[in-house]
Amino acid sequence: MIRDARVLQPDFVPREVEHREEAVDALSNALAPVARGEPAETALLFGPSGAGKTCIAQYTVERLREEVLDVVTQYVNCWQNYSRFRALYRILEGVGRTVDVHRQSTPKDELLERLADYEGPPYVVVLDEVDQLEDTRILYDLYRTQGLSMVCIANRETDLFAGLDDRLASRLHSAVRVQFDKYGVEALTDILEARVEWGLEADVDREALAFVADAAAGDARVAIGILRSAAREADRAGADRLTRERFEDAIPEGRKAVRRASLDRLTPHQRTLYDVIAECGEIDPGELYGQYQERVEEPRTRRTVRNYLAKMVQYDLVVASGENRGRTYRLADGT
DNA sequence: GGTCCACAGGAAAGATAGGGTC
DNA sequence: GACCCTATCTTTCCTGTGGACC
């Protein structure tokens, strides 16, 4: 059943992309000056989760590496590397300048100096989930770094620009923008069909894949998660055919897998808050804090809990509605 | 209208952990 | 091993906002 499991992984970058030719062209054009040894234009990729932003960025950068001999690239997930220090560390890692950098004892200004001293080939940095950066001043520092080009990925343009100072915002307004919309059922079906062709030895009809695409509501991560879950179950059962029924059974697990990836990033205290909200449906902050206090041995202060909740809202796990005394929390749709 | 209260979120200080240096 | 430095997390203090109540 499963010939190549890699193509069913969420971070797989295909050799050919489906239905995103315009985005690939726009990004390729922005990066084209690199081939002449010049810095590329800054590119901003916006769109909802599962719309293919990360995949297209990595695909385009990979094609660039095929065409240009002297180019260095690095992918930085700003969700995981949200502090200025971590993000800079990852960027320096891309050019091999972290040999004697110690995570706890090297001032971040020194990291910046090292980056400024970089004199190698053009360097393209993909900053994924850039709106998660704690300190967006790093973008200004990168913008000013000679020979370094940025591809910034975020869900919404307003989320990114809300956190920027005026100086940087005005510079980024001239950057190349690529907007991604959710995939339609047809497009998502094509993507699934290609994955089946590359990675599975199975009989799957297009109608069943269209059913999966519809269930995923335009989110490629969810669609591929459902496909992966169904393929795994069929493999275990020794089946050689993926039917609509099997996909129907795989939908909860496929969705759960995507959600699990987000929940795994929560600390135990954050997870307790998430569980309380999950059980109560919609809850006000006072009640939420009370229940949280009862469930953990050493509860954090209210202020820290507010920080946790703000982070979970940023992660799209929780939705905060209303202001001040009218504030309530509930789980985000689909979680 | 004035007061109280619950809440959000910024700023600064404190606590902690990890690594380097002597 | 003691001390220093730094990043990160947490707490404390504070201000602003808006609903409820008198």
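First the proteins, then the strands, lettered A, B, ... as listed; each starts at 1. As the structure is a prediction and not an experimental result, all values here were calculated from the model.
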At under 4.0 Å between heavy atoms, what does A:R327 touch on the DNA or RNA strands: base, sugar-phosphate, or nothing? sugar-phosphate
C:dT11 OP1/OP2 closer than 4.0 Å to side-chain N/O of A:T304: yes
For the OG atom of A:S28 and the CD1 atom of A:I56, what is their distance to the nearest 0.5 Å? 9.5 Å
Phosphate contact (B:dA8 OP1 or OP2) by A:Y329 side-chain N/O below 4.0 Å: yes
Side-chain N or O of A:S83 less than 4.0 angstrom from OP1 or OP2 on C:dA7? no
Round to the nearest Å and state the distance from A:Y89 atom OH to C:dT8 atom P. 12 Å
Given atom CG of A:N307 and atom P of B:dA11, what is their separation to the nearest angstrom? 13 Å
How long is the span from the OG1 atom in A:T54 to the CD atom in A:E129, to the nearest 0.5 Å? 7.0 Å
Is any side-chain N or O of A:R303 under 3.5 Å from a base N or O of B:dG10, one able to act as donor and the other as acceptor? yes
Measure CZ/A:R86 against C1'/B:dA17 and give the value in whole Å, please. 12 Å
Between B:dC7 (P) and A:E287 (CD): distance, integer Å: 10 Å
Would you say a side-chain N or O of A:Y289 is under 4.0 Å from OP1 or OP2 of B:dA8? no
Write down the distance between CD (A:Q80) and P (C:dT8), rounded to a whole number of angstrom. 14 Å
Under-4.0 Å side-chain N/O to phosphate OP1/OP2 contact, A:R325 with B:dC7: no
In whole angstrom, what separates A:L88's CG from C:dT6's P? 15 Å
When all nucleic acid strands are considered with a 4.0 Å heavy-atom cut-off, which category describes A:Y308: base, sugar-phosphate, or nothing? sugar-phosphate
With distance as the sole test, does A:R228 use its side chain to make a donor-acceptor pair with the main-chain N or O of A:L8 at under 3.5 Å? yes
Considering only heavy side-chain atoms of A:F85, the closest of B:dC7, C:dT11, C:dA7 is C:dA7
Separation of atom CZ in A:R302 from atom P in C:dT11, rounded to whole Å: 13 Å
Evaluate the ring-ring contact (aromatic ring centres under 6.0 Å, His included) criterion for residues A:Y289 and A:Y292: first the C-alpha distance (whole Å), next the side-chain angles of each, then the deciding distance (0.1 Å), finally the verdict. CA-CA 5 Å; A:Y289 188 73; A:Y292 158 77; 5.8 Å; yes
Separation between CZ of A:R171 and CG of A:L139, rounded to the nearest 0.5 Å: 12.5 Å
Take atom CG of A:L111 and atom P of C:dA7, then tell me their distance rounded to the nearest Å. 8 Å
Does any donor-acceptor pair link the side chain of A:R306 with the base of B:dC7 at a separation under 3.5 Å? no
